[in-house]
Enquirer: 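This structure is in structure tokens; I'll ask about it shortly.
Predicted, not measured: the structure shown is a model, and the values here were computed from it.
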Amino acid sequence: MWRTRAAAACVICRSLANSSCGIKRKSPLQNLHLVSRSIHHPYYPSAKFQRPPLRISIQQLSSLNRLPLHKTKLLNVKHGYQSHRNFWLARLASRLLRVRYLILGSAVGGGYTAKKTYEQWKDMIPDLEDYKWIVPDFIWELDELVDIEKLLKALPDADDLAKLMPDFEKIGESLASLKGFLSPGSPGETAFRATDQGYDNDKQFKKGLLGELILLQQQIQQHEEEARRAAGFSSQQKRKVSDKEKIDQLQEELLRTQLKYQRMLERLEKENKELRKLVLQRDDKGIHQRKLKKSLIDMYSEVLDILSDYDASYNTQDHLPRVVVVGDQSAGKTSVLEMIAQARIFPRGSGEMMTRSPVKVTLSEGPHHVALFKDSSREFDLTKEEDLAALRNEIEIRMRNSVKEGCTVSTETISLSVKGPGLQRMVLVDLPGVISTVTSGMAPDTKETIFSISKAYMQNPNAIILCIQDGSVDAERSIVTDLVSQMDPQGKRTIFVLTKVDLAEKNVASPNRIQQIIEGKLFPMKALGYFAVVTGKGNSSESIESIKEYEEEFFQNSKLLKTSMLKAHQVTTKNLSLAVSDCFWKMVRESVEQQADAFKATRFNLETEWKNNYPRLRELDRNELFEKAKNEILDEVISLTQVTPKHWEEMLEKTLWERVSTHVIENIYLPAAQTANSGTFNTTVDIKLKQWTDKQLPNKAVEVAWETLQEEFSRFMTEKKGKEHDDIFDKLKQAVKEETIKRHKWNERAEDSLRVIQHNALEDRSISDKQQWDAAIHFMEETLQSRLKDTESVIEDMVGPDWKKRWLHWVGRTKEQNIRNETKNELEKLIKCNEDHPAYLANDEVTTVRKNLEARGVAVDPCLIKDTWHQIYRRYFLKSALSHCNLCRRGFYYYQRHFVDSELECNDIVLFWRIQRMLAITANTLRQQLTNTEVRRLEKNVKEVLEDFAEDNEKKVMLLTGKRVQLAEDLKKVREIQEKLEAFIEALHQEK
């Protein structure tokens, strides 16, 4: 009997211990019935034994490693016994009432029943492998996303768990309780109640997100079993409700359960998003005092940006994955992209073409929902409506600017990054919508251009094609499906998306047509997956949150899901985003290393070509060459400050006299020399000098100074520096010089100050010493001799060669030259007869000369006589002036005495001294202005021009050309791409 009792008690203990499996708690065996305790170990009342510790295993189903996995703590379950007590009351009651056998039988039966109930409950849990289509992939990652330690703290303590066990002490203490135990019902009723109580406590223990998930799975399993039973035994059992209605009712209940499950997941994801946002904000503020690395998707996006600018030489093509969004015009491509990005970021229009160029959108996770362009530092806050409007306007402006004149669409890619909490990491390219007809206002080649752009992106063997089909129109009107099937016949990288399903359900007469589309049976196009989404009610002012609510509400009430035409994982943009992201990263992991190897081979080829062609030159790309040329140009500008003052003044004085000498001789000196006396000569000179200074001289002087500065600047810019000269910079230097000269303007106030200085210099007639007198005579002689030489040349051209040249060079005179020669001889006779003849011929003198020539058979025109006289008299005057200048060499003594009691008058020497002194003072003034002001302003203009050229890439490409530059550019790009790819691959491996 005692063995029987011990065996029965062991069954009870084992059943109670087994019922606690999978729950972290201590098993309080001290709460077992006293009889069981005493029977089980009668000889060792205080002995304790150790059972193997129970462990809770949490299966690591997650494929993401965003959050660290919280390992569960191991809890040791201790089993012990209290000291043996005297149970006289129980023994007395058992002997008096003879109920011990009933108690023992009830305990044995209750334990067996509890064990059986537990096994049934365990079998009721469905196999999650059969229901993975219901639960998105990230649900299996909850062990990473949910803090298990918080759940453990929320669990009930040991005292609450002790309620799972039956309290046999109360039975022994109270006879009434014992009678209640034996109340009507089966003897095993107490055990069933204990089992039910344990089951209820299990429910209480499983409260929280994980517990709700398990309970939902149980409900789903029960509903499916009921559905199978209803379908299997409907023919055998008579029911009031038909089998079809029962199945529909079960399907509706299953759908509600799935939607409840989905809302729970969304709530969990939202909480996780908020937690991750707080973590990212904490890192962003530098609380951890560490520098954040670039995210994986940002690194990948940089590689794609570089590749878009890289001209694929050496057959190295861009085969890196990206998600290419294609579809018919107004099919909802942009709306799908906005739902994935969770912001209304694109410009919208009613029926017109809005996407005019490819838009690359890089989605990544961040603490704030912002967007920014690749070439701009401005961040647009996507939570503010004014920033969203500004972003849409900026995208539209960039699209219109990228479109060339006479075109409708552009191949230039606009790069945009969108960051925000919970965004799936991927790179999408929104392409212009495919059209079937070119309308008015479009370029004639618009249709072909859109097709070529779409094919260029889709022919990448690693590109994921997101084919958007409008569900509200007839499927036969679609153009994009044929285009996609040509690019991806097997459908290995295509994801089909049916938009506007709400309109399709209302308008389509046969819902089976939608099912055929989603199952891929209506189109010849094949795809990896098929999705149905709703992107709003057609109102552009709808928010993303309202669209999500509308989409969820629609699919909750849609017959497409109720009748199982669509599966739960095929609907909503959320599931679409998850599927596209998983496919994108799978494609990236499979192809990125192959692309890195291809660029490594290209780099080797380029380096080999450089070593063979330019072995002694550094590999300088266009930007580095520009910086080198910039430094050389600035050094040459600085060289202007090193020009000596003497050199500046000599150049200025010489150039200025070349410009004004004709005016001085013709308009001042010659008219004044025709006067009768010195007083009239000086008065005429003063008047004409004053008029000249007020109107022409300062302006001429400034022009001369600016031209002199240009000449020196050009000389330094074009001067070759021996072996170090690099002719690759010549075109750039010439462009910088021309642009700088165009921008530079002389200081306008310079003329006013210069006019005063020149006027004062010309007013001074005092020659202080003999050296200045001799210098003035020398200056006058050089000027007159130069003029005489020019006059002799003019006369020679008029009359032809003399007899020596005619005999030696066998040249003759023309008829006109013979006439002019005869006229010249006649006029020379006239001057010899009257050496004081004035500068102009009288009319009777012209008539006399003409008649004399006609008497010798030479017909001549009076105008020809006057023109010839002007040159003849000019030569005579210059020779006379040179003779007078030679006489004045000894006239300084008379000048000091103001030519009193002297027939010698040297007023013309004084005039030339005044001119010479004015030139020297003007040159000195201009030199000071050059070195102190204009050279610095010129240097500033050069720097501005260089800065403008540095920002203009097209200008640099035009000015720095050649095979050497292009080879260095390709080598730099390939190196940069390879290095960034290797860094991305390393980060990708670390994330695995």
Side-chain angles (χ1 to χ4, degrees), residues 294 298-320 374-375 413 415 592-637 717-737 942-943 945-987:
K294 286 185 178 180
D298 288 338
M299 297 171 65
Y300 186 75
S301 180
E302 284 184 3
V303 176
L304 295 182
D305 289 336
I306 299 172
L307 282 172
S308 64
D309 300 333
Y310 173 63
D311 185 10
S313 303
Y314 300 92
N315 298 324
T316 304
Q317 298 179 358
D318 175 16
H319 287 168
L320 288 175
K374 178 187 73 173
D375 54 353
T413 304
S415 183
V592 67
E593 293 187 1
Q594 182 180 0
Q595 280 287 290
D597 294 337
F599 279 102
K600 187 182 295 183
T602 303
R603 175 179 177 177
F604 175 78
N605 295 336
L606 292 173
E607 289 176 346
T608 303
E609 184 177 358
W610 182 275
K611 291 177 182 178
N612 292 335
N613 294 326
Y614 311 103
R616 298 183 180 180
L617 295 177
R618 289 179 57 198
E619 301 164 358
L620 300 179
D621 59 16
R622 186 171 280 111
N623 290 331
E624 292 171 339
L625 287 172
F626 182 82
E627 290 298 323
K628 183 179 179 181
K630 177 180 177 181
N631 294 332
E632 288 188 8
I633 293 172
L634 292 177
D635 291 341
E636 290 161 358
V637 174
M717 292 285 287
T718 58
E719 184 178 4
K720 296 185 178 181
K721 298 175 175 59
K723 296 181 179 180
E724 297 180 358
H725 178 72
D726 195 346
D727 55 1
I728 203 170
F729 300 144
D730 291 347
K731 191 182 292 187
L732 175 61
K733 290 182 177 180
Q734 182 66 23
V736 171
K737 183 191 74 173
V942 170
K943 290 180 180 179
V945 171
L946 290 172
E947 289 176 359
D948 293 343
F949 284 6
E951 296 176 358
D952 191 349
N953 291 325
E954 294 181 0
K955 182 76 73 174
K956 288 192 288 187
V957 171
M958 182 177 63
L959 297 177
L960 294 174
T961 58
K963 180 181 177 182
R964 176 181 134 199
V965 181
Q966 191 60 44
L967 185 58
E969 278 288 304
D970 292 342
L971 188 53
K972 175 195 172 184
K973 289 287 185 183
V974 171
R975 281 176 177 168
E976 187 177 6
I977 293 170
Q978 184 198 351
E979 291 172 359
K980 289 188 177 294
L981 275 176
E982 290 177 351
F984 171 75
I985 292 171
E986 182 180 357

Enquirer: Mind checking what makes side-chain contact (heavy atoms from CB on, under 4.5 Å) contact with Glu627, not counting sequence neighbours?
Expert: Lys630
Enquirer: Would you sort out whether Asn953 and Lys956 count as a side chain to side chain contact (heavy atoms under 4.5 Å, CB included), showing the intermediate values?
Expert: CA-CA 5 Å; Asn953 291 325; Lys956 288 192 288 187; 3.5 Å; yes
Enquirer: For Val303 and Val592, run side chain to side chain contact (heavy atoms under 4.5 Å, CB included): C-alpha distance rounded to whole Å, both residues' side-chain angles, the deciding distance at 0.1 Å, then the answer.
Expert: CA-CA 11 Å; Val303 176; Val592 67; over 6 Å; no
Enquirer: Of all the heavy-atom pairs spanning Phe729 and Leu625, show the shortest one and how long it is.
Expert: CE2-O, 3.5 Å
Enquirer: Any Lys/Arg nitrogen of Arg603 or Glu607 sitting under 4.0 Å from an Asp/Glu carboxylate oxygen of the other?
Expert: yes
Enquirer: When you measure from the side chain of Arg622 to the backbone of Glu969, do you find a donor-acceptor pair of N or O atoms at a distance under 3.5 Å?
Expert: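 Here the side-chain-to-backbone pair does not exist.
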Enquirer: Heavy atoms, side chains only, cut-off 4.5 Å: are Glu619 and Arg975 in contact?
Expert: yes
Enquirer: Which pair of heavy atoms, one from Leu620 and one from Lys628, lies closest together, and at what distance?
Expert: CD1-CD, 4.3 Å
Enquirer: Testing the 3.5 Å rule here: is there a donor-acceptor pair between the side chains of Asp970 and Gln966?
Expert: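 Looking only at side-chain atoms, Gln966 and Asp970 do form a donor-acceptor pair, the distance falling under 3.5 Å.
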Enquirer: With ring pair (Phe, Tyr, Trp, His ring centres under 6.0 Å) as the rule and sequence neighbours excluded, what pairs involving residues 953-985 come up?
Expert: Tyr300-Phe984
Enquirer: Begin from the C-alpha positions of Asp621 and Val965 and carry the test side chain to side chain contact (heavy atoms under 4.5 Å, CB included) through to its verdict.
Expert: CA-CA 6 Å; Asp621 59 16; Val965 181; over 6 Å; no
Enquirer: Closest approach of Val957 and Thr961, non-hydrogen atoms and distance?
Expert: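 Taking Val957 first and Thr961 second, the nearest heavy atoms are O-CG2, 3.0 Å.
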Enquirer: Could you report the tightest heavy-atom contact between Phe599 and Val974, atom names first, then the distance?
Expert: O-CG1, 3.4 Å
Enquirer: What pair of heavy atoms forms the shortest contact from Trp610 to Arg618, and how long is it?
Expert: CZ2-O, 3.0 Å
Enquirer: Rounded to the nearest 0.5 Å, what's the gap from NZ on Lys955 to CG on Leu732? Could you check?
Expert: 10.0 Å
Enquirer: For the pair Met958 and Phe949, evaluate side chain to side chain contact (heavy atoms under 4.5 Å, CB included) and give the outcome as yes or no after the intermediate values.
Expert: CA-CA 11 Å; Met958 182 177 63; Phe949 284 6; over 6 Å; no
Enquirer: I need the minimum non-hydrogen distance between Gln734 and Thr718, along with the two atoms involved.
Expert: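 Between these two residues, the closest heavy atoms are OE1-CG2, 4.5 Å.
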Enquirer: Please tell me if the side chains of Lys600 and Glu982 come closer than 4.5 Å, counting only heavy atoms from C-beta onward.
Expert: yes
Enquirer: Indicate yes or no: at least one non-hydrogen side-chain atom of Glu609 is less than 4.5 angstrom from one of Asn613.
Expert: yes
Enquirer: If you round to the nearest 0.5 Å, how far is CD1 of Ile728 from CG of Leu959?
Expert: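 Separation between the atoms: 11.5 Å.
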Enquirer: Short question: side chain of Asp952, backbone of Asp948 - any donor-acceptor pair under 3.5 Å?
Expert: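 A pair under 3.5 Å: no.
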Enquirer: For the CG atom of Leu634 and the CG atom of Leu946, what is their distance to the nearest 0.5 Å?
Expert: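 Reported to 0.5 Å precision, the distance equals 5.5 Å.
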Enquirer: Is the backbone of His319 close enough, under 3.5 Å, to the side chain of Gln595 for a donor and an acceptor to pair up by distance?
Expert: yes
Enquirer: Return the CD1 to CE distance between Ile985 and Met299, rounded to the nearest 0.5 Å.
Expert: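 One gets 10.0 Å once the value is rounded to the nearest 0.5 Å.
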Enquirer: Evaluate the side-chain proximity of Ile633 to Lys737: yes if any heavy-atom separation is below 4.5 Å, no if none is.
Expert: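 Sidechains of Ile633 and Lys737: no contact.
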Enquirer: I'd like to know if Lys733 and Glu636 make a salt bridge, using a cut-off of under 4.0 Å between side-chain N and carboxylate O.
Expert: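 The answer is yes: the pair qualifies as a salt bridge.
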